[in-house]
There are 2 protein chains.
Amino acid sequence: MSKILVGNHIRKLRFNHNEMTQQQLADKVGVTRQTIVALEKGNYSPSLELAFRIAHAFGLPLEEVFFYGDDTSQ
Amino acid sequence: MSKILVGNHIRKLRFNHNEMTQQQLADKVGVTRQTIVALEKGNYSPSLELAFRIAHAFGLPLEEVFFYGDDTSQ
DNA sequence: CCATTATGTAAAGTAAACTTGACACTAAGT
DNA sequence: ACTTAGTGTCAAGTTTACTTTACATAATGG
């Protein structure tokens, strides 16, 4: 048990950002929509490279989009 | 061409940190020494989770250990 | 109604991260 | 000379990130 150690605020940020859709974000960072779905659902954590691109897409530092720890406190 | 988009300061940081060896860092973050070698050499970029653990091992925010962009300016 | 848009899900495949085990080289110590 | 610690490297294997294709559902608007 206890698998996922990295969480993110992608879903919240999409809505704070022009109501950006999963597809739009996916296109912007160069992955498929399914990848965004999986990240929002917490199925797995992204590569560091993708994490940087997503943070950049929101104009935020990486650690304001992704956080370490089994959540709680975010 | 142009593959690696994420660089790091691991090697420098190891020496600024108790002259930590590759093996010690590997143990501390829970990977093998070969993984540290590969990261220092830039063979590939780590998972986001490992990146967080490495930054934590140095007591630094992630973006002071890893940086996005084909280097230059770091 | 029917079409479209946004989202969820799932199976099978490729690619990249990471492991295991093994060997080689250099530097330092005895 | 011999040993040990630290590092580099390589090949083969497993695991995880990510793709492709496909189908399902709810919400909206004509």
Side-chain angles (χ1 to χ4, degrees), chain A residues 1-58 60 62-71 74, chain B residues 1-58 60 62-71 74:
Chain A
M1 331 257 141
S2 89
K3 280 267 177 53
I4 302 295
L5 297 172
V6 176
N8 67 75
H9 300 301
I10 295 177
R11 195 173 188 89
K12 260 175 291 179
L13 289 167
R14 275 199 303 117
F15 290 103
N16 298 350
H17 259 261
N18 312 323
E19 290 286 336
M20 187 185 268
T21 68
Q22 293 175 336
Q23 187 65 62
Q24 289 171 331
L25 176 58
D27 291 345
K28 207 167 183 183
V29 302
V31 295
T32 62
R33 188 175 63 85
Q34 280 76 347
T35 298
I36 302 298
V37 173
L39 294 179
E40 287 189 1
K41 278 204 62 189
N43 287 357
Y44 47 74
S45 47
S47 64
L48 179 58
E49 208 169 311
L50 178 53
F52 268 118
R53 290 203 302 267
I54 291 174
H56 186 245
F58 289 128
L60 293 173
L62 193 149
E63 290 177 278
E64 285 183 31
V65 181
F66 300 93
F67 50 90
Y68 190 67
D70 13 4
D71 205 347
Q74 307 287 330
Chain B
M1 338 236 146
S2 85
K3 279 271 177 50
I4 303 296
L5 295 172
V6 176
N8 68 75
H9 300 300
I10 294 177
R11 196 173 187 89
K12 260 176 289 180
L13 289 166
R14 275 200 302 116
F15 289 103
N16 298 349
H17 259 261
N18 313 322
E19 291 285 335
M20 187 185 269
T21 67
Q22 292 176 335
Q23 187 64 61
Q24 288 171 331
L25 176 58
D27 291 346
K28 207 167 184 184
V29 301
V31 295
T32 62
R33 188 176 63 85
Q34 281 79 343
T35 297
I36 303 298
V37 173
L39 295 179
E40 288 189 0
K41 277 205 62 189
N43 288 357
Y44 48 74
S45 47
S47 64
L48 179 57
E49 207 169 310
L50 178 53
F52 268 118
R53 290 204 301 268
I54 292 174
H56 186 245
F58 290 127
L60 292 173
L62 193 149
E63 291 178 277
E64 285 184 31
V65 181
F66 300 93
F67 51 91
Y68 190 68
D70 13 7
D71 205 347
Q74 307 288 329

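Bear in mind the structure is a predicted one, so any value in this text is a computation, not a measurement. A note on names: the letters A, B, ... follow the listed sequences, proteins ahead of strands, and every chain is numbered from 1.
A:Thr35 meets the side chain to side chain donor-acceptor pair (under 3.5 Å) test with A:Thr32; sequence neighbours excluded. Residues forming a ring-ring contact (aromatic ring centres under 6.0 Å, His included) with A:His17 (at least two apart in sequence, or on another chain): A:Phe58. Residues satisfying the side chain to side chain donor-acceptor pair (under 3.5 Å) criterion with B:Glu40, sequence neighbours excluded, are B:Arg11, B:Arg14, B:Gln22. Take B:Phe52 and apply the ring-ring contact (aromatic ring centres under 6.0 Å, His included) test, not counting sequence neighbours, and it matches A:Tyr68. Residues satisfying the side chain to side chain donor-acceptor pair (under 3.5 Å) criterion with A:Arg53, sequence neighbours excluded, are absent altogether.
Remark: P of C:dA17 and CG of B:Leu5 are 11 Å apart, rounded to the nearest angstrom. The distance between atom CD of B:Glu19 and atom P of C:dA27, rounded to the nearest whole Å, is 16 Å. B:Leu25 places its CG atom 13 Å from the P atom of D:dG8, with the value rounded to the nearest Å. Rounded to whole angstrom, the span from the CG atom of B:Asn43 across to the P atom of C:dC18 amounts to 12 Å. At whole-Å resolution of the value, CD1 in B:Ile36 and P in C:dT20 are 14 Å apart. Protein atom CD of B:Gln23 is 13 Å distant from nucleotide atom C1' of C:dT20, rounded to whole Å. Atom CD in B:Gln22 sits about 18 Å away from atom P in C:dC25, given to the nearest Å. One can place CG of A:Asp27 at 14 Å from C1' of C:dA6, the figure rounded to the nearest angstrom.
Using modelled atom types, one side-chain atom of A:Glu63 and one backbone atom of B:Leu62 make a donor-acceptor pair closer than 3.5 Å.
At C:dT7, none of the side-chain N or O atoms of A:Lys41 fall inside 4.0 Å of OP1 or OP2 (strictly under the cut-off). Dashed line: the shortest gap from a side-chain N or O of B:Gln24 to OP1 or OP2 of D:dG6 is not under 4.0 Å.
Contact of the A:Leu50 side chain with the A:Leu39 side chain is registered, since non-hydrogen atoms from C-beta on lie closer than 4.5 Å. Using a 4.5 Å heavy-atom threshold, the side chains of A:Phe66 and A:Pro46 count as touching.
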Check: protein-nucleotides 28-30 of chain D nitrogen or oxygen pairs below 3.5 Å:
none

> Along nucleotides 18-25 of chain D, 5' to 3', which nucleotides get a B, which get an S, and which get a -, given that the test is a protein heavy-atom distance under 4.0 Å?
Replying inline: BBBBB---
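The distance from atom CG of B:Leu13 to atom CD1 of B:Ile10, rounded to the nearest 0.5 Å, is 8.0 Å.
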